Amino acid sequence: MTTADVHEARDPEQPGRLLATERDALIPLLRARPDADFALPTEACPGWTVRDVLAHCSAALTRVVESRYEEGVFSPESNDRDIAERAAWTNAQVVDELERGMSEAGPLIAKAGGVLDMIALGEWVHAGDVREVLGEPGAYAGAGLPDALALLARITREKGQVPLHADLDDRDEPLRLGDVSGERPPARFIGDAATLVRLYAGRPVRGTSYELAGVEAEELNIFG
């Protein structure tokens with residue numbers, strides 16, 4: 001992947017491709033885990049268990065599939081209601097809904113013109129949250145990483161965030177994120193791609209070596 005690759009026009013199939021890639025890896029993993037693992041607390045989402053994260057993800061995708069966007073949708077209060085509505089479901093039912101959403105939401109996100117692309121990226125990040133709790137490899141990495149980085153670069157550019165030049169240990173070409181107009185000197189990041197994702201997603205970063213200059217980590221968080 002070259003620097004130019006991630007600054008091309010929107011690829012409408014990219015969010016759905018990211019969801020499908022993660023579905024193929026995550027769903028079999030979840031089906032193989034005991035029920036006790038679904039009750040584990042998540043560090044990335046304080047107050048939520050693994051099941052809560054999955055219920056939130058499945059509900060969000062179902063809303064996309066069913067075009068249900070009432071006032072306040074995707075707010076913390078709306079998210080809590082979605083989780084509560086699934087309280088009586090089995091873990092298998094939550095996983096089933098998640099699989100359906102990851103399979104069916106892509107075309108609808110593609111047709112939305114970009115306004116829903118961040119949902120796909122958020123689902124992928126939450127999959128990383130779950131992987132980390134379960135001690136599985138590939139948290140904030142894995143086969144979907146190239147599409148996730150491309151989405152991240154475009155979303156941060158569209159948001160006009162602080163420009164950042166990332167030299168990634170595990171990628172041949174540098175990645176440019178944020179406002180690339182040249183009006184502000186870019187901040188610099190040196191480290192691995194998963195750590196870069198953690199910073200932009202506001203996730204804890206521990207046990208990894210990286211350099212960040214010209215911007216505070218808190219300024220990078222795209223999820224607020």
Side-chain angles (χ1 to χ4, degrees), residues 6 15 18-19 21-23 25-26 29-30 33 37-61 74-76 79-80 82-83 98 102 117-159 161-162 164-171 175 177-178 187-224:
V6 296
L18 179 61
L19 288 173
T21 299
E22 189 57 42
R23 174 202 64 202
L26 181 65
L29 184 159
L30 295 173
R33 305 296 298 211
D37 285 353
F38 289 76
L40 293 172
T42 60
E43 183 179 15
C45 303
W48 281 8
T49 64
V50 166
R51 177 194 165 94
D52 292 337
V53 171
L54 297 174
H56 160 61
C57 288
S58 67
L61 291 175
F74 304 134
S75 66
N79 294 339
D80 286 341
D82 285 341
I83 292 170
L98 180 61
M102 296 178 105
D117 287 3
M118 194 163 172
I119 292 177
L121 183 60
E123 295 276 325
W124 183 81
V125 168
H126 277 315
D129 299 338
V130 169
R131 288 176 186 276
E132 182 148 273
V133 174
L134 299 181
E136 294 285 344
Y140 318 108
L145 184 60
D147 281 326
L149 289 177
L151 273 174
L152 179 62
R154 182 166 56 77
I155 288 170
T156 58
R157 184 171 70 250
E158 291 171 354
K159 284 177 168 286
Q161 288 200 267
V162 174
L164 185 140
H165 181 103
D167 289 308
L168 302 176
D169 299 340
D170 38 4
R171 291 292 181 271
L175 184 67
L177 303 102
R188 297 297 297 264
F189 171 87
I190 301 174
D192 63 75
T195 299
L196 180 71
V197 171
R198 286 175 183 272
L199 291 171
Y200 272 100
R203 269 41 181 181
V205 178
R206 287 191 300 272
T208 60
S209 177
Y210 71 95
E211 296 180 24
L212 182 66
V215 64
E216 296 296 324
E218 293 76 13
E219 295 180 70
L220 299 180
N221 187 353
I222 61 172
F223 293 109

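Just so it is clear, the structure is predicted and the values come from calculations on it, not from any experiment. Counting from 1, the numbers follow the sequence of the chain as shown.
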Going from [atom1] on [X] to [atom2] on [Y], what distance comes out if it is rounded to the nearest 0.5 angstrom?
| X | Y | atom1 | atom2 | result |
| --- | --- | --- | --- | --- |
| R206 | E43 | CZ | CD | 4.0 Å |
| E132 | L40 | CD | CG | 13.0 Å |
| Q161 | I222 | CD | CD1 | 6.5 Å |
| L26 | L54 | CG | CG | 7.0 Å |
| F38 | L30 | CZ | CG | 5.0 Å |
| T195 | I190 | OG1 | CD1 | 13.0 Å |

Non-hydrogen atoms of [X] and [Y] that approach each other most closely:
| X | Y | value |
| --- | --- | --- |
| Y140 | A44 | OH-CB, 4.3 Å |
| A148 | L121 | O-CD1, 3.8 Å |
| P15 | D117 | CG-OD1, 3.4 Å |
| L98 | E123 | CD1-OE1, 3.9 Å |
| A141 | W124 | O-CZ2, 3.2 Å |
| L18 | A120 | CD2-O, 3.9 Å |

With under 30° as parallel and over 60° as perpendicular, where do the rings of H126 and H56 fit, or are they tilted in between?
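Taking H56 first and then H126, their aromatic rings stand perpendicular (interplane angle over 60°).
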Are [X] and [Y] close enough that some pair of their side-chain heavy atoms sits under 4.5 Å apart?
| X | Y | answer |
| --- | --- | --- |
| I155 | Y200 | no |
| L29 | V130 | no |
| C45 | D129 | yes |
| L145 | V197 | yes |
| D82 | F74 | no |
| V125 | R203 | yes |
| E211 | D167 | no |
| L149 | L177 | no |

Where the side chain of R51 meets the backbone of A39, is there a donor-acceptor pair that is under 3.5 Å apart?
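A pair under 3.5 Å: no.
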Test your reading of the model: is there a side-chain donor-acceptor pair from T21 to the backbone of A143, 3.5 Å cut-off?
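Flag not set: sc T21 to bb A143 has no pair under 3.5 Å.
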With a 4.0 Å cut-off on N to O distance, would you call E22 and R131 a salt bridge?
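Judged by the 4.0 Å cut-off on N to carboxylate O distance, E22 and R131 do form a salt bridge.
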Please walk me through it: do L61 and I119 pass side-chain contact (heavy atoms from CB on, under 4.5 Å)?
CA-CA 8 Å; L61 291 175; I119 292 177; 4.2 Å; yes
Which of these passes side chain to side chain contact (heavy atoms under 4.5 Å, CB included) with L199: L164, V215, N221, L220?
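With L199 as partner, L164, V215, N221, L220 yield a single side chain to side chain contact (heavy atoms under 4.5 Å, CB included), made by L220.
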Test side-chain contact (heavy atoms from CB on, under 4.5 Å) on D37 and V50 and set out the steps.
CA-CA 7 Å; D37 285 353; V50 166; over 6 Å; no
Give the C-alpha distance, both sets of side-chain angles, the deciding distance and a yes or no for side-chain contact (heavy atoms from CB on, under 4.5 Å) between E136 and R33.
CA-CA 11 Å; E136 294 285 344; R33 305 296 298 211; 2.6 Å; yes
